[in-house]
There are 2 protein chains.
Amino acid sequence: MNDPETRDLIQTMAHECIAVRVRLINRLVTAVYDEALRGVGIKASQMNILVAVSMFGPSKPAKICSLLRLDPSTLSRNVERMKKKGWLEAVPGADARSHLLAVLAPGNAILRDAYPAWREAQKKAAAILGGEALDALLARGSRLLNEGLSPDEP
Amino acid sequence: MNDPETRDLIQTMAHECIAVRVRLINRLVTAVYDEALRGVGIKASQMNILVAVSMFGPSKPAKICSLLRLDPSTLSRNVERMKKKGWLEAVPGADARSHLLAVLAPGNAILRDAYPAWREAQKKAAAILGGEALDALLARGSRLLNEGLSPDEP
DNA sequence: TCTTGAACATTGTATATACAACAATGTCTT
DNA sequence: AAGACATTGTTGTATATACAATGTTCAAGA
């Protein structure tokens, strides 16, 4: 059906591709958190943002994008939805090009409510990854998060 | 701004969350492949599917979903786009509830064309992950792929 | 045989994500 | 001070993703 060389290429890609494996794990892990958090009414994506803003206090959107490596347009759309739910607000900052994102009381309430479900999800995700992959992944992930952190600045 | 207990919860979630780290890595890795493959005209998502179908030969959609842990509706939409590009076709199978997905010549041509860019992306992705995380992730990912493999059946 | 339930794919809807283009503001250089 | 360039966010468009609901076909049991 294919010449042998093409078959070889495809075999190599199937057996060694990093992307398909990372993406598979991402789907599995995200599904675990989304399912655990369903009762609380938040999903992993928005929870990541909410936690980040809550950690740093009022923050420029660019800072959150840099931390999480989110495209600005992606964050913009997510913030839009989170404003509508009353979790976030935009307050004017020093620079008129941008505002600061701040967590509102209902946003903090959601985070508190989410904690037990989050713990559950952590357990399940750890089981999916297994000890070795978990440790390496947490270490690498934390490092990448830190690298995305600009010095100072809101 | 928050009571100390809430601040603790949020700190814990920020420092230990598996989801935010997996999702960050997923965005980075996916971006590397999408960028490398841009010239070829395919993205990581569709390439994953194309490689899978090419590996197994004509396959029931359910099999690909099980392998990659994709929701059937997600696969359906992606296949739709890939049919439109002439990479895939649906051929009737033994069971009238489903057809079989088969790779067409242009689909195989794309995979051949993509190979060099894929190799580039592999290098960059490996650099992002670093040796340890890479090994653990590949091992775990390969295992999860195998677990999604049903016995026999197209 | 008929019916009931399982298996399977698709469609409707919503969110998540990124790229390209744009608009507004700020900074720096001459 | 003026113009060039950088920074920052939003909007238009397309893809990726999942859940809920639906329709069709199959299989198994009464």
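Just so it is clear: chains get the letters A, B, ... in the order the sequence lines come, proteins before strands, and each one is counted from 1. These figures come from a predicted structure and were not determined experimentally.
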How close or far is atom [atom2] of [N] from atom [atom1] of [X], stated in whole angstroms?
X	N	atom1	atom2	result
A/Arg27	D/dC19	CZ	P	12 Å
A/Asn48	C/dT17	CG	C1'	13 Å
B/Asn26	C/dA16	CG	P	15 Å
B/Asp71	D/dT22	CG	P	17 Å
A/Met82	C/dA16	CE	P	9 Å
A/Ile64	D/dG9	CD1	P	10 Å
A/Arg97	D/dT10	CZ	C1'	15 Å
A/Leu68	C/dA16	CG	P	13 Å

For the base of D/dG9, is there a side-chain donor-acceptor partner from A/Arg77 under 3.5 Å away?
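No pair found.
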
Pair of N/O donor and acceptor under 3.5 Å linking C/dT15 base with A/Arg81 side chain
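No pair found.
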
With respect to the phosphate group of [N], does any side-chain polar atom (N or O) of [X] fall under 4.0 Å of OP1 or OP2?
X	N	answer
B/Lys43	D/dT15	no
A/Ser98	D/dG9	yes
A/His99	D/dT10	yes
A/Gln46	C/dT15	no
B/Asn78	D/dT17	yes
B/Ser76	C/dA9	no

Touch check for [X], heavy atoms < 4.0 angstrom, all strands: base, sugar-phosphate only, or nothing?
X	result
B/Ser45	sugar-phosphate
A/Asp34	nothing
B/Glu80	nothing
A/Pro72	base
A/Ser73	base
B/Leu75	nothing

Contact summary for B/Val20 and A/Leu145, nearest pair of heavy atoms:
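Of all heavy-atom pairs spanning B/Val20 and A/Leu145, the closest is CG1-CD1, 4.3 Å.
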
B/Asp3 and B/Thr6: side-chain donor and acceptor closer than 3.5 Å?
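Their side chains do contain a donor-acceptor pair, which is all the 3.5 Å distance test asks for.
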
Do you see a donor-acceptor pair shorter than 3.5 Å between the side chains of A/Asn26 and A/Arg23?
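On atom types as modelled, these side chains do not qualify, holding no pair under 3.5 Å.
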
Starting at the 5' end of DNA chain D and moving along, which residue's nearest nucleotide shows up first, B/Ala96 or B/Lys85?
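Looking at DNA chain D, the more 5' nearest nucleotide goes with B/Lys85.
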
On DNA chain D, compare the nucleotides closest to A/Ala31 and B/Ala94; which residue's is nearer the 5' end?
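The residue whose closest nucleotide sits nearer the 5' end is A/Ala31.
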
Earlier contact from the 5' end, DNA chain C, for A/Asp95 and B/Pro61:
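Closest to the 5' end, via its nearest nucleotide, is B/Pro61.
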
State, with a plain yes or no, whether a side-chain heavy atom of B/Pro4 is found less than 4.5 Å away from one of B/Arg7.
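Result yes, sub-4.5 Å side-chain heavy-atom pair found.
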
Looking at B/Arg69 and B/Cys65, would you say the former's side chain and the latter's main chain have a donor-acceptor pair under 3.5 Å?
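Pair absent, no side-chain N/O of B/Arg69 close to backbone of B/Cys65.
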
Does B/Lys84 come within less than 4.0 Å of B/Glu80, counting only side-chain N to carboxylate O?
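Judged by the 4.0 Å cut-off on N to carboxylate O distance, B/Lys84 and B/Glu80 do not form a salt bridge.
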
